[in-house]
Every structure is written in C-alpha cells, then in structure tokens.
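First comes the structure, then the notes that go with it.
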Amino acid sequence: MDVSFSGLYTSAKYLLQSKNYGKKYNLSDIAFTLQETAFAMLTEVTERALAHTEKKEVLLTGGVAANKRLQQMIEYISREHKARYEVVPLRYAGDNGVMIAWTGILQYNSAGSDKLIDTIIQPKERMDNIKIPWRT
Amino acid sequence: MSSETDIYKEQLIHKGAEASLFSGKWFGKSVIFKYRIPKKYRLEELDKKIRKERTMNEAKALVKVKAYGINVPQVYEINVNDSTIIMKFIAGEKLKTCLKNLDETKKRSYFKKIGKTVAILHKNGHIHGDITTSNLIITNNEEIFLIDFGLHYYSDNIEDKSVDLHLFKRVLISSHGEDYQLCFKMFLEGYRSGYEEESINNCESIIKNIQAIESRGRYVKPEERE
C-alpha cells in the first residue's frame, strides 16, 4: 500500500521550465494534472485496501482531507465497496502545524534535540521504522 | 480465411480489483482476455493512459520472462486501446486449492522449483509483486506456471526482492499453515539454488532482510513487539 511521489514534483518542475510552458499549457494545467495524478494514486491504494480487507468504513484525515476533489474520489470508491465514508471536519483538516509542533515537543522532552547536520531528509524512510522515544 | 469471429470471448471467469478475465477463443486456441476496467474516479485521459501503460508493461514482462525459460502464459495479442491482453489459457489447478492434497515428495519438488523460478526473476531485475498460491498453476502434466504480472515492476533493490519473498511467506502462513514450514524451507532452498556462487551473498542478504520486514510495526501484534 506504499505510494511514492518522488518524480511527480520533479516532473512538474520540468514542465514549468519547458519552452512549452505558457504556450501548450499554463500553471493551472500543471497544478490540476499534479493533483489528479497524486489523488488517483491515493484512491487506488485505498480501493485495493478496501477490496483486500473488506473493511466497512473509510475515514479520510490529515491536511489534504480538506480537498474537495480527494473527498469526491474517496467517497466514490467507498460507495462502490459499500463502505461508510467519513471525513474529518474542515477545522481539523487545515494546517497540521500544531500536530508537527506537538510531535517536536514530545521528541524534545524525551530524547532532547538533534544537531541540524543530523536532520537530513530521508525520502525512503518508512513510517513503521521510525523510533518513537516517548513510547518506549 | 480468418474472420473476426475467430476471436471471441466466452464468459467472465474472474473479476479482480483492476481487471476482468474472460475465457474465449483466438483462432481456435483457448485463451484468456485480461481486460483492465476503466476507473471512474480517475480523470478519463489519465485513466486511459494508465490502463494503456499497464497493459503494455504486463505484456512486455510476460514476453521477457518467458525468454528466461520461465513458464508464463504466452501472449498472443495486445490491444492497447482496449487495454486487453489475449494470452494462452493455462489449464490446471491453482496451487492454493491443490496444495493440501499433494504428497510430501511433490510438495518438496514444487516449492523448490517455485523458489528457483523466483530467483531467476529477481536475478534479472524482475519483481513479480504478487507471488501467491493463487497465482501459481499446476498443469495436468505437472508443470508450474506463474501468472498475473499485473503488479510486476523492475528493481534491483534488496528490499523490493525481500518484500516479494515476504508476501509469499505470509500467504503460506495464513492459507497453508500446516504446510508452511516444509514449503517455505523448500522454497528458500530452491531460491538459493537459482543464484550462482558469485551472487550468493546478495541472495542471503535478500533472505535475511525478510526478518527486518517482519519486525516492522505493522506486521507484529502490539503485545509481541520488543
């Protein structure tokens, strides 16, 4: 059920730098395409998960849950699989800043700070491999 | 002279998440039509492109893999605009349903063969993506066919290969519990035998990495976590 979005942004960037930009397509075309592609990926894995587990409920959460197009797509496949569809209220789907900050506080309180040099981005890091020091 | 009626579908035999399978005839030969279903949640242009690409990828993979001597269905025709692959119908029984009735000698030899087959795929950078006992067919003359390359992709990552093996292990544990020990042992033996001496280290790293995958949160019950 893993999805990888690496390549998607790069591809969008190339489109912006291309000589066809502003002629064959404009900024909103790129944004639209990017969104449709990324959401189709998310919806596809959700559908696979639904078909495989035969779960009867889907809950859409997180910042992107505010997006009406994603809501529409997830609602569609939920209905196809006769699962109940719910989405978090808009006020909980906006900015994730508080969640990120709170995680930072928990991390700092239990494991202290990190040196800036150690805070590199690991694109292939897996959620289920991340150590949670305030839980162990 | 051939006419259009030489190619026809007979009946729907399986409906998967991504595709429908129909039995039928192709110039007198028994075939399977694998038709990728349009997905309405996707933008039509994107949907067409995705189905077209995946149809091509799957057909190409089948053709390439067959060249290594692996038993996979022969591709007869590819219709990209209709996202359909017409391939040979493999008559036989799914390993999933016949496994429990096999005697030990056969279990040993089948799983060794399957292991070797997967090793050949992996050595050549092919990840099947869905090795299950439902995707292995035992024919009447006891040949083993690997089917459904719908999730196939190319990779030389240890992780990707381990995941392929891990999935098969999970399937054996959950669907064939009492046969798991013997079958997976023979499978790994066959897998190792598919590697040459100079690449055996790579093979061992792949097998060893299965444990790392298993130790990850999602596969371990909370009470069993360290």
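Just the heavy atoms: all of them, side chains too, but no hydrogens, waters or symmetry mates, feed the values below. Each chain gets a letter, A, B and so on, in the order its sequence line appears, and its residues count up from 1.
Atom NZ of K56(A) is surrounded by more than 12 heavy atoms from other residues, nucleotides or ligands within 6.0 Å. Heavy-atom neighbours of K9(B) NZ from other residues, nucleotides or ligands within 6.0 Å: above the threshold of 12. Residue K39(B) places its NZ atom among more than 12 non-hydrogen atoms of other residues, nucleotides or ligands, all under 6.0 Å distant. Under a cut-off of 6.0 angstrom, the local environment of NZ in K96(B) is sparse, with at most 12 non-hydrogen atoms contributed by other residues, nucleotides or ligands. In this structure, Q17(A) places its CD atom where more than 12 heavy-atom neighbours from other residues, nucleotides or ligands lie under 6.0 Å away. Residue-environment remark: CZ (R69(A)) exceeds the threshold of 12 foreign heavy atoms within 6.0 Å. For CD of E198(B), the number of neighbouring non-hydrogen atoms (other residues, nucleotides, ligands) closer than 6.0 Å is greater than 12. More than 12 heavy atoms of other residues, nucleotides or ligands lie within 6.0 Å of CD1 in I130(A), so this atom counts as buried by the packing criterion.
For a residue to count as touching a neighbouring chain, one of its non-hydrogen atoms must lie under 4.5 Å from one of that chain's; by this rule L46(B) touches chain A with the side chain only. Contacts between E47(A) and chain B at a heavy-atom distance below 4.5 Å involve the side chain alone, from C-beta outward. Proximity to chain B is absent for every atom of T33(A), based on heavy atoms less than 4.5 angstrom apart.
For the atom pair CZ of R42(B) and OH of Y76(A), the computed distance is 11.5 Å after rounding to the nearest 0.5 Å.
Taking non-hydrogen atoms and a 4.5 Å limit, the residue list of residues 151-163 of chain B in contact with chain A, ordered by number, reads L151(B), N157(B), E159(B).
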### Query
What's the verdict on salt bridge (charged side-chain N to carboxylate O under 4.0 Å, His left out) for E80(A) and K40(B), showing C-alpha distance, side-chain angles and the deciding distance?
CA-CA 10 Å; E80(A) 287 253 293; K40(B) 284 197 190 115; 5.9 Å; no

### Message
Under the criterion side-chain contact (heavy atoms from CB on, under 4.5 Å), I'd like the reasoning laid out for E36(A) against E45(B): C-alpha separation, chi angles, the key distance, then a yes or no.
### Response
CA-CA 10 Å; E36(A) 283 296 320; E45(B) 291 93 323; over 6 Å; no

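By the 4.5 Å heavy-atom criterion applied to side chains, E44(A) and Y41(B) are counted as neighbours.
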